[in-house]
Amino acid sequence: MSDPAPRPEPASTHLTATNARHVIQVGRSRDITIHQHIHPAQGAHVEPLRALAAVVRERWKNERPTRFSIPVQWREAPEALTDHRANMLDPEGNEPPDPAGELSRITEVFRNTPDGRLVVLGEAGSGKTFLAARFVLDVLNARHPDEAVPIIFNLGSWDPTAVKLDDWMRDRLARDFPQSDTAELFRAGHVLPVLDGFDEIAEGLRGIALEAIDDRQAPMLLTSRPEEYGDAVDTTKALGKATVVQLHELTPDEAADHLWRTAKKRLHHDGSTSTTWDPVLAVLREHPDAAGCRGLTAALSSPLMVWLARTIYQYGNDPNELLDRNRFGTRAALEDHLLANLVPTVFDPRPGKHSAKISCSWEPAHVERWLALLARHLQRLKDTQDLAWWQISGSMYRVSRALVIAFVTGLAVLLTVSLMSGAVFLLSGYELGDALPTIVQTGLFSAVPAGAGFGIAYGAALVVTPARTEPSRMRLPIRGGRGSAQRSGKKIATRAGVAALLGVGFGFGNGAGSRLLLAWLQNPLHLASLWTDGVLFAVMYGTGAAVVFGVAATLEAPIDIDSTASPTGLLRRNRATTLTMLVIFGPAFGAVVGLSGSALFALLHGSLWGIPLSWNTAATIQFAAVSTVGGGLCAALSFTAWGEWLVFGRFWLPLTRRLPWRTVAFLQDAHELDVLRTHGSVYQFRHARLRDHLAQRHRARPGSSEPDRDGTSGRGSRRART
């Protein structure tokens, strides 16, 4: 097919310098900034605001779907979903401009809203998230240095009954943009919230959420599916003074034009050009009512399906198969076909395919299984679309997780104690062969109770503190900085609870367990001192854990970083933070344990309940050394986000073939191939329909049915509770 008649180019979204000052100015005067009640950034805020804008621009510029503009258009939403018309008038009583338009006008429409409040409604796959990303880039490209920075917040992880909207957004900012002054910029009104995915909030909470959003009298952009937003409006009322628009489905001409323009051009000997889509588009144009064409035309009315079709048939696959009425008699069959073929197509290892862009060659069948397991994991979480590396362990049963922690920590203690004991024997002049039985026995006597203690403490922490471990965004203020004033009582209380569990579990386990094992192996008379050692060790290790955890919670201060918080960036920073804390607090923990043992011996005058106690300087050094290395390492593996990732994401799940050994490289490659996208410090599937399709395929396989295994098991989801 020859080139279609040239079409007029849409208006550029890169606004000129003359109107750049007004691109995010709204409301009654063109001389006020986006936040009508806050002065423009001045003084100390200007430079942090500039750095934040640069980070956000770089993040969304690297998301490829923003580079290929699908011609999404919209119209004004039904009257039932909008505020009273009188509330939409400007001070002179003039009607607001017609909000109908296309993607290139998104900032213009937002600018002309009465109070800078715009709601974008659209069905699944209609391009809402794409529009939100495009809005952010267009605003930033024309932004004046002292104006608000638009940032996308995914509402799927917000529980309006548990946390206020502003507090939740500040927490997301602290995680995704770990800069010391981001919270202050937010409080000063220099962040423009783009609230994406209102429909992903749990069903019974949307009315409460809409009221909370309405109470926040500030500019924002909100996206949702129409039905879910309409249900919330019926429960409460429409968002006040907000312009509400609804996205159109693509017309056949718009879909055909986009597929033709993005396809590889073939040059023929006679000078004409064609694409692989020409025969298909010609049939659709000439026989629109044919049985094989109606379903395809309906499927291609969704921007999501247009993107899938463009991606799947970009590198040599023949799109003519889509006209096969025997295989694809309905729209649903065509959409299932496109969803099912994305992963095998983009991960095709043959030369010249999509996978040439990525770092490794992955077997498509394995990739589909891994992605399906991750999709099932997100479905079990129920309250988030975020694929966070620190929540990977939630794909397992609680009991299984505790057993894995017990095994790994026991193995860590076995190795460290055996190496330390071996070094002592060798330095004392013993032959390794003669000392080996004693070394192994010493390692086992330490490893078994330590593993049991940490496994019990970890399992108890999952029950007592259901909230999952999140990566530390903190560092010790070695060079000054803000400290304990910024730590919440809730976080300190949680850490204190974990410390207590660690102390009791490790103390009783190490004391009672080792003595019981020794008694069973050697001499039944040793049972008399069983609970004595248990109580003493509980006090020693409990004191050490409480002191170290308490000091760490008090002295932590925000990291001052200007770089973007990508998933891999946050992983690297948390690894560095965990290792730093281990180096600093491991010796502190060992010292407190050793000194508390000496103090107990002195306070009890060498006996407890009539049972004589044995303690000396060598015992102090021994317990301090073992606690420093073994205790610190086990605490890092059990009670930090990076430690859990190391145990489960890098060891156990790959060992059981549920993830690849190079998990980080796999997630990065899935992002490079557009199967995943990044949203701050987490990954998300490119679309919820893709996630659900992969999960359904995994569930349909024989033997793949499995109950909920994450930390929410037994608690129910927010949806179930409501």
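Start at 1 with the first residue, then count along the sequence. Every value quoted in this text rests on a predicted model; they were computed, and no experiment measured them.
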**Student:** Please check: side-chain N/O of His377 versus main-chain N/O of Leu387, any donor-acceptor pairing under 3.5 Å?
**Tutor:** no

**Student:** Taking all non-hydrogen atoms of both residues into account, name the closest pair between Ile201 and Pro160 and its distance.
**Tutor:**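 Looking at all heavy atoms of both residues, the shortest contact is CG2-CD, 4.5 Å.
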
**Student:** For the side chain of Thr223 and the backbone of Lys128, is there at least one donor-acceptor N/O pair under 3.5 Å apart?
**Tutor:** no

**Student:** Determine yes or no for a side-chain-to-main-chain donor-acceptor pair under 3.5 angstrom, with Arg225 supplying the side chain and Asp199 the backbone.
**Tutor:** no

**Student:** Among all residues two or more places apart in sequence or in another chain, which pass the side-chain contact (heavy atoms from CB on, under 4.5 Å) test with Gln246?
**Tutor:**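 Arg75, Ala77, Pro78, Leu121, Pro226.
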
**Student:** Going by side-chain hydrogen bond (donor to acceptor under 3.5 Å, both in side chains), name the residues that satisfy it together with Ser361, two or more places apart in sequence or in a different chain.
**Tutor:**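 side-chain hydrogen bond (donor to acceptor under 3.5 Å, both in side chains) check on Ser361 returns nothing, list empty.
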
**Student:** Considering non-hydrogen atoms only, spot the tightest contact between Val56 and Pro150 and give its length.
**Tutor:**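 Shortest heavy-atom contact: CG1-O, 3.6 Å.
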
**Student:** Using a 3.5 Å distance criterion without hydrogens, assess whether the side chain of His679 forms a donor-acceptor pair with backbone atoms of Asp386.
**Tutor:**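 Between the backbone of Asp386 and the side chain of His679 there is no qualifying donor-acceptor contact (under 3.5 Å).
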
**Student:** Side-chain contact test, heavy atoms from C-beta onward, threshold under 4.5 Å: evaluate it for Leu118 versus Phe135 and give yes or no.
**Tutor:** no

**Student:** Does Arg170 have more than 12 heavy atoms from other residues, nucleotides or ligands lying within 6.0 Å of its CZ?
**Tutor:**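 Count over threshold, so yes.
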
**Student:** Hey, mind stepping through Gln73 and Glu254 against side chain to side chain contact (heavy atoms under 4.5 Å, CB included) and telling me if it holds?
**Tutor:** CA-CA 10 Å; Gln73 299 194 31; Glu254 289 170 341; 2.9 Å; yes

**Student:** What residues form a side-chain hydrogen bond (donor to acceptor under 3.5 Å, both in side chains) with Trp370, not counting sequence neighbours?
**Tutor:** none

**Student:** Measure from the side-chain N and O atoms of Asp83 to the backbone N and O of Lys241, and report whether any donor-acceptor pair falls under 3.5 Å.
**Tutor:**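 Side chain of Asp83 to backbone of Lys241, a donor-acceptor pair under 3.5 Å: yes, one is there.
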
**Student:** So, using salt bridge (Lys or Arg N to Asp or Glu O under 4.0 Å) as the criterion, who are the partners of Arg650 when residues are at least two apart?
**Tutor:** none

**Student:** Only counting residues at least two apart or in another chain, list the ones meeting side-chain contact (heavy atoms from CB on, under 4.5 Å) with Val163.
**Tutor:**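 Partners of Val163 under the side-chain contact (heavy atoms from CB on, under 4.5 Å) test: Trp158, Asp167, Trp168.
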
**Student:** Restricting to non-hydrogen atoms, name the atom on Thr568 and the atom on Gln668 that form the minimum distance, rounded to 0.1 Å.
**Tutor:** CG2-NE2, 3.2 Å

**Student:** Run Ile312 and Leu338 through side chain to side chain contact (heavy atoms under 4.5 Å, CB included) and show every step you take.
**Tutor:** CA-CA 8 Å; Ile312 291 170; Leu338 293 174; 4.0 Å; yes

**Student:** Indicate the atoms forming the closest heavy-atom contact of Ala238 with Val233, along with that distance.
**Tutor:**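 It is N-CG1, 3.7 Å.
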
**Student:** Is the backbone N or O of Ala263 less than 3.5 Å from a side-chain atom of Thr275, with the two atoms forming a donor-acceptor pair by type?
**Tutor:** no

**Student:** Thr129: which residues meet the side-chain contact (heavy atoms from CB on, under 4.5 Å) condition with it, sequence neighbours left out?
**Tutor:**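 Applying side-chain contact (heavy atoms from CB on, under 4.5 Å) to Thr129 gives Asp196, Arg677.
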
**Student:** Grab the two heavy atoms, one from Met169 and one from Pro193, that are nearest each other, plus how far apart they are.
**Tutor:**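 Scanning both residues completely, I find the closest heavy atoms to be SD-CB, 3.8 Å.
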
**Student:** Identify, with sequence neighbours excluded, every residue that meets salt bridge (Lys or Arg N to Asp or Glu O under 4.0 Å) alongside Arg689.
**Tutor:**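 Counting only residues at least two positions away or on another chain, Arg689 forms a salt bridge (Lys or Arg N to Asp or Glu O under 4.0 Å) with Glu335.
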
**Student:** Who are the salt bridge (Lys or Arg N to Asp or Glu O under 4.0 Å) partners of Asp214, not counting sequence neighbours?
**Tutor:**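 Expected list: Arg117.
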
**Student:** Is there a side chain to side chain contact (heavy atoms under 4.5 Å, CB included) between Asn574 and Trp390 once you walk through the steps?
**Tutor:** CA-CA 10 Å; Asn574 194 240; Trp390 61 90; over 6 Å; no

**Student:** I'd like to check the side-chain hydrogen bond (donor to acceptor under 3.5 Å, both in side chains) partners of Arg572; sequence neighbours left out, ordered by chain and number.
**Tutor:** none

**Student:** Considering all heavy atoms of both residues, which atom of Val306 and which atom of Leu259 are nearest to each other, and what is their separation?
**Tutor:**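 Closest pair (atom of Val306, atom of Leu259, distance): O-CD2, 3.8 Å.
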
**Student:** Apply ring-ring contact (aromatic ring centres under 6.0 Å, His included) to Tyr683 and list each qualifying residue two or more places apart in sequence or on a separate chain.
**Tutor:**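 Not a single residue meets the ring-ring contact (aromatic ring centres under 6.0 Å, His included) criterion with Tyr683.
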
**Student:** The criterion is side-chain contact (heavy atoms from CB on, under 4.5 Å); which residues satisfy it with Glu249, sequence neighbours excluded?
**Tutor:**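 Here the qualifying residues are Ser301, Arg331.
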
**Student:** Does Phe110 offer a backbone N or O that forms a donor-acceptor pair with the side chain of Thr113 under 3.5 Å?
**Tutor:**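 Yes, because the side chain of Thr113 sits within donor-acceptor range (under 3.5 Å) of the backbone of Phe110.
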
